[in-house]
Amino acid sequence: MEKLLVKEILSCQSPYKNVRVEGWVRTRRDSKTFSFIEINDGSCLKNLQIIIDVTLSDYTNINQLTTGSSVAVFGKLVESVGKGQKWELQADGIKLIGASDTSYPLQKKGHSQEFLRDIAHLRPRSNIFGCIFRLRNRLSYAVHNFFQERNFILVHTPIITASDCEGAGELFRVTTINGKLNGIEDNGIDYSKDFFARPTYLTVSGQLEAEIFASAFTKVYTFGPTFRAENSNTSRHASEFWMIEPEMAFCDLEGNMDMAESLVKYLVQDTLVNCDEDLQLFTRFIDKDLLKRLNFVLDKPFERITYSDAVNILKKSGQKFKFPVSYGSNLQSEHERFLTEKHFKRPVTVFNYPRAIKPFYMRLNENGKTVRAMDVLVPGIGEIVGGSQREERLDVLLDNFKTHHLDPKEYWWYLELRKYGTVPHSGFGLGFERMLMFLTGIPNIRDVIPFPRTPGSADF
RNA sequence: UGCCUGGUAGCUCAGCGGUAGAGCAGGUGGCUGUUAACCACUUUGUCGCAGGUUCGAAUCCUGCCCGGGCAGCCA
């Protein structure tokens with residue numbers, strides 16, 4: 001007797017005599033002389049229909065085989081007499097493994113995403129979350145494929161870090177000091193006595209460490225969790241999220257933008273090819289235009305404009321914005337939306353931002369006013385990629401430390417990369433969950449991450 | 001963190017000053033190679049919490065808690 005997943009069974013080419021399958025009951029329909037049971041084991045969206053005849057000795061417990069209970073079935077795989085499915089399993093035996101009473105929250109009807117979010121321990125068993133997390137799995141795989149095919153080296157950058165990257169301040173502190181942190185003041189705390197003998201934090205980016213490895217392996221990437229302690233309450237921010245950060249030596253901003261564009265396109269293409277079943281469900285229940293949009297993204301090159309061109313387009317648009325457009329300030333969400341959703345109607349890469357609104361490590365342009373930063377904006381989500389060419393000139397970098405009030409001693413190793421064999425290099429961060437939102441049409445980041453962490457919420 | 005909005009049955013929601021409703025789920029019976037099955041009957045509530053106004057509050061007011069949207073921060 002061969003034990004198979006539902007996915008394997010449904011892709012069988014011919015009838016099968018002795019097959020065993022395990023899963024959770026999705027629905028049962030009783031007839032006079034037999035019952036239909038549909039089971040799902042998460043291997044695919046579709047359920048396997050099981051036929052249980054009244055004459056079967058196991059039929060006596062049929063009432064216990066309720067929605068949500070786990071079962072093991074063995075029998076014959078035969079072509080279905082009924083419409084709607086090719087195969088069905090004619091049970092020779094069915095065993096209840098774990099019962100599920102009537103309080104099981106997942107019904108056969110649709111549930112709101114908000115309700116399912118509250119039962120994150122059960123929502124993977126729903127159709128929609130099954131699709132989301134299977135797609136998430138495939139997307140991780142595709143990310144690695146993309147980079148491995150291009151000879152990038154995967155580097156595991158640290159989760160615990162002593163550098164706060166750009167002095168942003170919104171970091172989670174890592175400490176073993178107890179009790180004294182309740183007050184706002186931490187001036188009295190002697191961090192030399194703490195576990196790492198200095199203040200430490202959860203990483204907000206693996207970029208600086210990735211730069212180290214790019215300075216040895218030429219092309220590297222990271223793919224790991226990232227933590228931001230900002231009190232952000234939006235549908236596209238989480239306190240813990242996953243980020244993909246390639247870093248490339250001997251690469252300028254052009255090459256960086258090319259890489260970001262081809263990565264995004266590769267991931268769209270891979271999803272279209274490998275997650276068709278899931279995408280159909282999202283198109284049906286979440287976003288009617290999803291498939292159309294994904295195909296559209298593949299067909300056309302991303303629009304590429306400088307920050308100052310973007311500002312001019314916005315100014316000339318005649319569009320009324322809540323926040324005025326002015327050169328020198330950050331583009332607001334509404335501005336980004338206008339560019340990508342209304343003006344260009346496709347992903348837009350904006351590059352060469354004013355120096356003052358970008359961090360210390362971005363490479364200064366010859367004009368002395370702008371830096372080689374770039375953001376990829378996509379319809380519906382906004383910023384999905386943020387990156388730059390890095391400042392490789394030691395003197396310019398030191399100058400940046402001054403204007404950003406950073407202590408060069410804290411970054412001595414970062415500066416030494418510029419001292420010993422410095423090289424033009426570039427990289428970017430792609431928000432994994434934001435990519436998932438784009439690919440699924442799911443509007444809330446909390447629904448594309450298995451157990452979301454957001455301000456005030458860290459259940460499960 | 002600010003602004004907006006919501007919290008009524010297990011789920012989705014109606015009721016918006018006169019004392020609790022519908023659909024679905026659950027239960028019972030029937031019917032059927034069914035498939036978000038169908039038909040009939042049927043159980044279920046501190047109306048988020050606390051206070052106030054009122055003869056009377058799910059309904060109006062205040063505070064708090066929780067959800068959602070938007071903005072900022074960004075990926």
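Chain identifiers are assigned alphabetically (A, B, ...) following the order of the sequence lines, protein sequences preceding nucleic acid strands; residue numbering begins at 1 within each chain.
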K.L.:
Among A71(B), A75(B), G33(B), find the nucleotide with the atom closest to the side chain of Q90(A).
P.N.:
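My answer, after comparing the listed nucleotides, is G33(B).
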
K.L.:
As a test of reading the structure: which of G69(B), C31(B), G33(B) is closest to the side chain of R446(A), going by heavy atoms?
P.N.:
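Comparing G69(B), C31(B), G33(B) against the side chain of R446(A), the answer is G69(B).
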
K.L.:
How would you label the contact of G431(A) with the nucleic acid (heavy atoms, under 4.0 Å): base, sugar-phosphate, or nothing?
P.N.:
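Counting heavy atoms under 4.0 Å across all strands, the contact made by G431(A) is with sugar-phosphate only.
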
K.L.:
So what's U62(B) paired with, Watson-Crick or G-U wobble, going by both distances under 3.5 Å?
P.N.:
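U62(B) is paired with A50(B).
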
K.L.:
Can you tell me the distance, in whole Å, between the CZ atom of F323(A) and the P atom of G72(B)?
P.N.:
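Computing the F323(A):CZ to G72(B):P distance gives 6 Å.
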
K.L.:
Looking at F146(A), is R150(A) sitting on its ring face, NZ or CZ under 6.0 Å from the six-membered ring centre and within 45 degrees of the normal?
P.N.:
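Ring-cation test returns yes.
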
K.L.:
Give one of base, sugar-phosphate or nothing for N233(A), where a contact means two heavy atoms less than 4.0 Å apart.
P.N.:
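The answer is base, as N233(A) lies within the cut-off (heavy atoms under 4.0 Å) of a base atom.
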
K.L.:
Quick one: do the Q389(A) and H425(A) side chains pair a donor with an acceptor below 3.5 Å?
P.N.:
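Absent: no donor and acceptor within the cut-off.
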
K.L.:
For every nucleotide of nucleotides 5-15 of chain B, 5' to 3': is a protein heavy atom under 4.0 Å from its base (B), only from its sugar-phosphate (S), or from neither (-)?
P.N.:
-----BSS---

K.L.:
Would you indicate which nucleotide in A75(B), U1(B), C74(B) comes nearest to any side-chain atom of S333(A)?
P.N.:
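That would be C74(B).
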
K.L.:
Hey, is the main chain of G427(A) close enough, under 3.5 Å, to the side chain of N256(A) for a donor-acceptor pair?
P.N.:
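Yes; at least one donor-acceptor contact below 3.5 Å.
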
K.L.:
When you compare U42(B) with G23(B), how far apart are their C1' atoms, in angstrom units rounded to a whole number?
P.N.:
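After rounding to an integer number of Å, I get 15 Å for this pair.
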
K.L.:
Relative to each other, are the rings of F460(A) and H121(A) parallel, tilted or perpendicular (30° and 60° limits)?
P.N.:
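If you compare the ring of F460(A) with that of H121(A), the planes turn out parallel.
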
K.L.:
Any side-chain N or O of R434(A) below 4.0 angstrom from OP1/OP2 of C74(B)?
P.N.:
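Answer no for this pair, as no side-chain N or O of R434(A) is under 4.0 Å from OP1 or OP2.
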
K.L.:
Mind checking the C1' distance from G69(B) to G52(B)? Whole angstroms is fine.
P.N.:
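Their C1' atoms lie roughly 30 Å apart.
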
K.L.:
Taking only side-chain N and O atoms of N127(A), does any of them lie within less than 4.0 angstrom of OP1 or OP2 on A36(B)?
P.N.:
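No, N127(A) has no side-chain N/O under 4.0 Å of OP1/OP2 on A36(B).
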
K.L.:
Are more than 12 heavy atoms, taken from residues, nucleotides or ligands other than Y141(A), located less than 6.0 Å from that residue's OH atom?
P.N.:
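No, not enclosed.
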
K.L.:
Give one of base, sugar-phosphate or nothing for Q85(A), where a contact means two heavy atoms less than 4.0 Å apart.
P.N.:
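Contact class for Q85(A): base.
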
K.L.:
Say we look at C39(B) and U59(B): how far apart would their P atoms be, to the nearest angstrom?
P.N.:
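About 37 Å, rounded to a whole number of Å.
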
K.L.:
Indicate, with a heavy-atom threshold strictly under 4.0 Å, whether E245(A) touches base, sugar-phosphate, or nothing.
P.N.:
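No contact.
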
K.L.:
Answer with base, sugar-phosphate or nothing: what part of the nucleic acid does F432(A) contact at a heavy-atom distance below 4.0 Å?
P.N.:
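Result for F432(A) = nothing.
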
K.L.:
Would you measure the distance from the C1' atom in C24(B) across to the matching atom in A57(B) and give it in whole Å?
P.N.:
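Roughly 30 Å separates the two C1' atoms.
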
K.L.:
State whether R117(A) places a side-chain N or O below 4.0 Å from either non-bridging phosphate oxygen (OP1 or OP2) of C66(B).
P.N.:
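No, R117(A) has no side-chain N/O under 4.0 Å of OP1/OP2 on C66(B).
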
K.L.:
How many whole angstroms separate atom CG of L116(A) from atom C1' of G68(B)?
P.N.:
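Atom CG in L116(A) sits about 15 Å away from atom C1' in G68(B).
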
K.L.:
Distance alone, cut at 3.5 Å: any donor-acceptor contact between the side chains of E240(A) and T226(A)?
P.N.:
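The answer is no; no qualifying pair exists.
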
K.L.:
Of R28(A), R29(A), K46(A), which is the lone residue that meets salt bridge (charged side-chain N to carboxylate O under 4.0 Å, His left out) with E38(A)?
P.N.:
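Answer to the salt bridge (charged side-chain N to carboxylate O under 4.0 Å, His left out) test with E38(A) among R28(A), R29(A), K46(A): R29(A).
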
K.L.:
For G84(A), answer base if it contacts any base atom (sugar-phosphate contacts may also be present), sugar-phosphate if it contacts only those atoms, and nothing otherwise; contact means non-hydrogen atoms under 4.0 Å.
P.N.:
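Result for G84(A) = base.
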
K.L.:
Could you state the atom-to-atom distance from NZ of K322(A) to C1' of G69(B) in whole Å?
P.N.:
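In whole Å, G69(B) C1' and K322(A) NZ are 12 Å from each other.
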
K.L.:
Would you say R228(A) reaches C74(B)'s phosphate, i.e. side-chain N/O to OP1/OP2 under 4.0 Å?
P.N.:
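For R228(A), the contact criterion (side-chain N or O under 4.0 Å from OP1 or OP2 of C74(B)) is not met.
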
K.L.:
Shortest non-hydrogen contact from L135(A) to T440(A)?
P.N.:
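Shortest heavy-atom contact: CD1-CG2, 4.0 Å.
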
K.L.:
Parallel, tilted or perpendicular: which fits the ring planes of W242(A) and F223(A), with parallel below 30° and perpendicular above 60°?
P.N.:
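The rings of W242(A) and F223(A) stand perpendicular, inter-plane angle above 60°.
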
K.L.:
Could you state the CH2-C1' distance from W87(A) to G33(B), rounded to the nearest angstrom?
P.N.:
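From W87(A) CH2 to G33(B) C1': 18 Å.
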
K.L.:
Can a donor-acceptor pair be found between the side chains of Y266(A) and E149(A) at a distance below 3.5 Å?
P.N.:
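Looking only at side-chain atoms, E149(A) and Y266(A) do form a donor-acceptor pair, the distance falling under 3.5 Å.
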
K.L.:
With nearest nucleotide decided by heavy atoms, which residue, G456(A) or I445(A), maps closer to the 5′ end of RNA chain B?
P.N.:
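Counting from the 5' end, the first nearest nucleotide belongs to G456(A).
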
K.L.:
Would you indicate what D30(A) reaches in the nucleic acid, counting non-hydrogen atoms under 4.0 angstrom: base, sugar-phosphate, or nothing?
P.N.:
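Answer is base: heavy atoms of D30(A) come under 4.0 Å of a base.
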
K.L.:
Look through every strand shown and name the nucleotide pairing with G67(B) as Watson-Crick or G-U wobble, where both distances are under 3.5 Å.
P.N.:
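Its partner is U5(B) (Watson-Crick or G-U wobble, both distances under 3.5 Å).
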
K.L.:
Using the side-chain heavy atoms of K32(A), tell me which of these nucleotides is nearest: C31(B), A71(B), C74(B).
P.N.:
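Nucleotide nearest to K32(A)'s side chain: C31(B).
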
K.L.:
T306(A) and N352(A): side-chain donor and acceptor closer than 3.5 Å?
P.N.:
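Their side chains do not contain a donor-acceptor pair, so the 3.5 Å distance test is not met.
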
K.L.:
When the distance from CD of E170(A) to C1' of A75(B) is rounded to whole Å, what number comes out?
P.N.:
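Taking atom C1' of A75(B) as the reference, CD of E170(A) is at 15 Å.
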
K.L.:
Quantified in whole Å, what is the C1' atom distance between nucleotide G7(B) and nucleotide U46(B)?
P.N.:
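One C1' to the other, the span is 15 Å.
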
K.L.:
What interatomic distance, in whole Å, is found between P of C64(B) and the corresponding atom of G21(B)?
P.N.:
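These two P atoms come out 34 Å apart once rounded.
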
K.L.:
Which pair of non-hydrogen atoms, one from N400(A) and one from M362(A), has the smallest distance, and what is that distance?
P.N.:
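Scanning both residues completely, I find the closest heavy atoms to be ND2-O, 4.1 Å.
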
K.L.:
Take atom CZ of F36(A) and atom C1' of U34(B), then tell me their distance rounded to the nearest Å.
P.N.:
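Interatomic distance, CZ of F36(A) to C1' of U34(B): 4 Å.
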
K.L.:
Nearest heavy atom decides the nucleotide; on that basis, is S235(A) or S232(A) closer to the 5' end of RNA chain B?
P.N.:
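The 5'-side residue here is S235(A).
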
K.L.:
When rounded to the nearest Å, what value does the distance between C1' atoms of C4(B) and A9(B) take?
P.N.:
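Their C1' atoms lie roughly 29 Å apart.
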
K.L.:
Could you tell me the separation between the CZ atom of F321(A) and the C1' atom of C70(B), rounded to a whole number of Å?
P.N.:
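Value for this atom pair: 16 Å.
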
K.L.:
Go ahead and name the base partner of U12(B); Watson-Crick or wobble counts if both distances stay under 3.5 Å, otherwise write none.
P.N.:
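Because both required distances fall under 3.5 Å, U12(B) counts as paired with A22(B).
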
K.L.:
It should be established whether T234(A) places a side-chain nitrogen or oxygen under 4.0 Å from OP1 or OP2 of nucleotide C74(B).
P.N.:
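The answer is no; no side-chain N or O of T234(A) sits under 4.0 Å from OP1 or OP2.
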
K.L.:
Between Y221(A) and Q148(A), do the side chains contain a donor N or O and an acceptor N or O under 3.5 Å apart?
P.N.:
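Q148(A) vs Y221(A): donor-acceptor pair found between side chains.
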
K.L.:
C60(B) and C47(B): how far apart are their C1' atoms, nearest whole angstrom?
P.N.:
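About 15 Å, rounded to a whole number of Å.
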
K.L.:
Please name the nucleotide paired to A40(B) by Watson-Crick or G-U wobble geometry with both distances under 3.5 Å, or report none.
P.N.:
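Pairing partner: U28(B).
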
K.L.:
Got a sec? Which of residues 49-71 of chain A come in under 4.0 Å of RNA chain B, heavy atoms?
P.N.:
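Those residues are Q49(A), I51(A).
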
K.L.:
In whole Å, I'd like the distance from the CD atom of E38(A) to the C1' atom of G33(B).
P.N.:
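Whole-Å distance recorded here is 13 Å.
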
K.L.:
Stacking between F241(A) and A75(B), defined as ring centres under 5.5 angstrom apart with planes under 30°, is that present or not?
P.N.:
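Yes, F241(A) stacks on the base of A75(B), since the ring centres sit under 5.5 Å apart and the planes are within 30°.
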
